[in-house]
Protein chains: 2
Amino acid sequence: MYRLTNSFPYLLNRVGVRMGELFSRRIAGYGVTLPMYRVMAALWEIGDQRLGDLAAMTTIEISTLSRLIGEMKRRGLVTRTRLKDNARTVAINLTPKGRALVEELIPIAIHFEEVAVRDFPSKNILDLKTVLAEIYESLNSIEPEIEEANKARKAARPKG
Amino acid sequence: MYRLTNSFPYLLNRVGVRMGELFSRRIAGYGVTLPMYRVMAALWEIGDQRLGDLAAMTTIEISTLSRLIGEMKRRGLVTRTRLKDNARTVAINLTPKGRALVEELIPIAIHFEEVAVRDFPSKNILDLKTVLAEIYESLNSIEPEIEEANKARKAARPKG
DNA sequence: AAACAATAATTGCGTTTGCAAATGACAGTC
DNA sequence: GACTGTCATTTGCAAACGCAATTATTGTTT
């Protein structure tokens, strides 16, 4: 018997949303939203990124990210400069201010994660992370299959 | 050395968002959004729920859910009725139409999940689910601790 | 039983989001 | 070197979202 509450996407989403809520509130006092933190932490890990790459890395939709970067630039957290040799792409980087801020937030993120998983054997968490990373990769390969199913249905019942 | 891309919330969120995207597209042809599916599947599992309980079950913010239920009622998928004995609460249920629809979608959800995790030993997935459920529970108990940290910071730097 | 507090849901309002269309820039073709 | 196509980003627009305030009902106090 199927139960939503035992399905993998449900269990995943629930923990993700909840952790996001808690961490958002934790960093709100720094004037930073969760997407902003993700962008800064991503740039701290790999700087000088293009918009599309940053979108892939953070799983933020590209138009949303474009506007977010605009706001963060306005706040002096990142730079966004058109490349000289390829002016259709843009290079995004942390400013010193953005770097200082994210380096203040990262210890908070580390502590948050520690507290969240401290009741579990670290081996479990490590395995969990590995599986999550692998599942993410495998999703790319099943995407065409999903799209197929959509088309199959459309063909069977047009405009249904 | 900290890396965002190795942090638990990041890995979690990424898989959650991606699976959500794929499944959303899969069911879009039925005129149903992902939040709508979650509500219907939740009601299919446990019917006759109050708004607040349904919000907790689906991790949808309560005002968002209130409006969503309004739209779903308009579409004839659910009923929302004030209780006679306690008129400040409401009871939400599937209509026959809503039930029929969700029973059409559930097999799709089951198949989707199967495909998504088919490359992994089912024991791993089972363990993963267990850990996710436990972590979710444990988040409730750390919430006060997180809030404490916020207050501590506020006290140290008012309006900072 | 009047006043006050607590609970449940809804609504106002500004912000964020995502799709689709538009823009801008480069690459290949004839 | 104009013409067409492709790639990367931005923008228009309507829908979805979340917080805070509001409404409606029930529970408690004296």
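Residue numbers start from 1 in every chain, and the chains themselves are labelled A, B, ... in the order their sequence lines are given, proteins ahead of strands. Atoms considered below: every heavy atom in the structure, side chains included; atoms not considered: hydrogens, waters and symmetry mates.
Separating the CZ atom of B/Arg80 from the C1' atom of C/dT11 is a distance of 12 Å, rounded to the nearest angstrom. Between A/Asn86 atom CG and C/dG24 atom C1' the separation is 11 Å, expressed in whole Å. Rounded to whole Å, atom P of C/dC26 lies 13 Å from atom NZ of A/Lys84. Rounding to whole angstrom units, CZ of residue B/Arg25 and P of C/dA20 are separated by 11 Å.
Contact annotation: the side chain of A/Met40 never approaches that of B/Leu4 to less than 4.5 Å [non-hydrogen atoms, C-beta and beyond]. Contact annotation: the side chain of A/Tyr10 approaches that of B/Met57 to within less than 4.5 Å [non-hydrogen atoms, C-beta and beyond].
Here the range on DNA chain D touched by chain A, meaning any atom under 4.0 Å from one of its heavy atoms, is D/dT6 to D/dC13.
Under the 3.5 Å distance criterion, the side-chain polar atoms of A/Ser138 are matched with a main-chain donor or acceptor of A/Ile135. A side-chain donor-acceptor contact under 3.5 Å links A/Arg82 to the backbone of A/Arg88. Proximity of a side-chain donor or acceptor of B/Ser66 to a complementary backbone N or O of B/Ser63 within less than 3.5 Å is not detected.
Between B/Glu71 and B/Arg75, at least one side-chain N (NZ, or NE/NH1/NH2) sits under 4.0 Å from a carboxylate O, which counts as a salt bridge.
Checking A/Leu83 against B/Gly52, the closest nucleotide of DNA chain C that is more toward the 5' end is the one next to B/Gly52. The residue among B/Ala91 and A/Met36 whose nearest nucleotide of DNA chain C is located toward the 5' end is B/Ala91.
Contacts of residues 37-47 of chain B with DNA chain C (heavy atom under 4.0 Å): none. Residues from residues 61-78 of chain A lying near DNA chain C, meaning a heavy-atom separation below 4.0 Å, are A/Glu61, A/Ser63, A/Thr64, A/Arg67 in numerical order.
Between B/Arg18 atom CZ and A/Thr59 atom OG1 the span is 9.0 Å, to the nearest 0.5 Å. Between the CG atom in A/Leu128 and the CG atom in B/Leu11 there is a gap of 8.5 Å [rounded to 0.5 Å]. Note: A/Asp127 CG to A/Ser122 OG = 9.5 Å, rounded to the nearest 0.5 Å. Atoms CD and CD1, on B/Glu114 and A/Ile142 in that order, are 11.5 Å from each other to the nearest 0.5 Å.
Ring geometry for B/Phe112 versus B/Phe23: interplanar angle of 30 to 60°, hence tilted.
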